Amino acid sequence: MMKAVSPTAQIASGCRIGNFVTIGDDVVVGENVHIGHNVVIHEGAYIGAGTTIQDHTVIGRQPLSSSVATRPATCCPPIRIAQECIIGSHVVLYAGVVLQDRVMVADLASIREGSVIKSKASIGRGVLVEYDTVVGERCKIQTGCHLTGNMIIEADVFFGGEVHTMNDKQLDRDKGLPMVGPHIKRGARVGGNATVLPGITVGFDSVVGAGAVVTKDVPDGTIVVGNPARFLKRVPDHLRLADTVQRDYTATPT
């Protein structure tokens, strides 16, 4: 069926391209990529070998903003998707996004400009990743989470479903203060429906209980629960990360 493929696009061998696909100028598609029906790939996008993109997905669109937006949109560099990624149906990935090798992005997710999803991370169904956020290697972000802008999530972090994070202490009252999202350190686990406030650090190998509201930093290796979240106990030995991971850990984001 009809496709709109720019003459300047480079499509490698072994690719399968569905019906009614639009591929913009200077797009590069690696070998053995599968592109489903009704996919739109904007100009300059790079898609690595072995990647799958399911039906009705938009790759590399530029951000837009209204005249009253507190963060005006700017033109971003083209999206880069590495090898063997899986991108679900009805996903929107903005320009300026980087997906490293073997990332999975499930149906209905959206990842905004400037965000980096590192190798083997999993972004669940309906997750929203806001601008300039980093998700570390092997993270698992479950269904319906909201990852705010300017947030750092280190490697091996788990978020249960519907976790919500914030970066604005002024509650939309613009006073020129920077937007700072939480910093989630390596190996932390955050239970479903928890809320983490702006600028909070959730410590290495710590646990935030389901439904907790985190208003203060969480120390390494501790469990916090409740609203507001309070110390419950140290993380038991059988729930700790492997000794080799603990020895290799540094506070520098991965």
Side-chain angles (χ1 to χ4, degrees), residues 1-65 73-141 143 147 149 153 155 254:
M1 292 291 181
M2 185 175 66
K3 302 176 181 65
V5 179
S6 169
T8 62
Q10 302 175 45
I11 313 295
S13 62
C15 292
R16 293 181 293 155
I17 300 176
N19 301 328
F20 304 106
V21 170
T22 299
I23 300 178
D25 294 342
D26 302 317
V27 169
V28 176
V29 180
E31 294 181 350
N32 302 313
V33 169
H34 175 209
I35 299 172
H37 306 306
N38 299 291
V39 171
V40 177
I41 303 175
H42 287 266
E43 57 273 8
Y46 176 90
I47 300 169
T51 287
T52 295
I53 303 170
Q54 296 288 342
D55 304 341
H56 301 283
T57 281
V58 177
I59 302 293
R61 58 152 287 193
Q62 289 290 337
L64 298 173
S65 61
T74 58
C75 186
C76 297
I79 189 172
R80 294 190 62 83
I81 299 172
Q83 298 183 12
E84 298 182 19
C85 293
I86 297 175
I87 300 169
S89 180
H90 295 86
V91 171
V92 180
L93 303 179
Y94 284 56
V97 165
V98 175
L99 303 186
Q100 295 185 355
D101 293 344
R102 299 176 65 185
V103 165
M104 178 167 181
V105 181
D107 299 346
L108 302 171
S110 182
I111 302 177
R112 285 188 56 185
E113 66 273 15
S115 290
V116 177
I117 313 299
K118 296 195 174 183
S119 298
K120 302 181 183 179
S122 176
I123 304 297
R125 182 181 178 89
V127 169
L128 172 58
V129 182
E130 298 280 10
Y131 55 87
D132 298 333
T133 282
V134 177
V135 178
E137 292 91 344
R138 300 173 299 279
C139 288
K140 295 181 180 179
I141 310 299
T143 298
L147 306 186
I153 302 176
T254 57

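If you're wondering where the values come from, they're calculated on a predicted model, not measured in any experiment.
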Non-hydrogen atoms of [X] and [Y] that approach each other most closely:
X: P78; Y: G44; answer: CB-O, 3.1 Å
X: A121; Y: G136; answer: CB-O, 3.6 Å
X: A82; Y: T51; answer: O-OG1, 3.0 Å
X: C15; Y: G30; answer: SG-O, 3.0 Å
X: I153; Y: C139; answer: CG2-SG, 3.8 Å
X: V33; Y: G50; answer: CG2-N, 4.0 Å

**OP:** Kindly indicate, with the supporting measurements, whether the criterion side chain to side chain contact (heavy atoms under 4.5 Å, CB included) is fulfilled by R112 and T133.
**Re:** CA-CA 9 Å; R112 285 188 56 185; T133 282; over 6 Å; no
**OP:** Step by step, work out the side chain to side chain contact (heavy atoms under 4.5 Å, CB included) result for K118 and E137.
**Re:** CA-CA 5 Å; K118 296 195 174 183; E137 292 91 344; 3.8 Å; yes
At what distance, to the nearest 0.5 angstrom, does [atom1] of [X] lie from [atom2] of [Y]?
X: I59; Y: I111; atom1: CD1; atom2: CD1; answer: 9.0 Å
X: Q54; Y: D107; atom1: CD; atom2: CG; answer: 7.5 Å
X: Q62; Y: T74; atom1: CD; atom2: OG1; answer: 8.0 Å
X: I53; Y: C85; atom1: CD1; atom2: SG; answer: 9.0 Å
X: D101; Y: I117; atom1: CG; atom2: CD1; answer: 14.0 Å
X: S110; Y: R61; atom1: OG; atom2: CZ; answer: 7.5 Å

Original post:
More than 12 foreign heavy atoms under 6.0 Å from CZ of R102: is that the case here?
Top reply: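 No, not enclosed.
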**OP:** Using the salt bridge (Lys or Arg N to Asp or Glu O under 4.0 Å) rule, collect all pairs that involve residues 13-29, keeping only residues at least two apart or in two chains.
**Re:**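 Every pair satisfying salt bridge (Lys or Arg N to Asp or Glu O under 4.0 Å) with a residue in residues 13-29: there are none.
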Original post:
Can you list the steps and then say if V103 with V135 is a side chain to side chain contact (heavy atoms under 4.5 Å, CB included)?
Top reply: CA-CA 11 Å; V103 165; V135 178; over 6 Å; no
Original post:
Does Y46 have R80 sitting over its ring (NZ/CZ under 6.0 Å from centre, angle to axis within 45°)?
Top reply: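 Ring-cation test returns yes.
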Original post:
Heavy-atom distance under 4.5 Å between the side chains of I23 and I11, does that happen here?
Top reply: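 Yes. Closest side-chain heavy atoms under 4.5 Å.
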Sequence neighbours excluded and cut-off under 3.5 Å, please list the side-chain donor-acceptor pairs for residues 86-100, or say none.
residue, atom, partner, partner atom, Å
S89, OG, D55, O, 2.8
Q100, OE1, S119, N, 3.2
Q100, OE1, S119, OG, 3.3

**OP:** Please identify each residue that fulfils ring-ring contact (aromatic ring centres under 6.0 Å, His included) with H34, with sequence neighbours left out.
**Re:**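 With neighbours one apart ignored, the set is empty.
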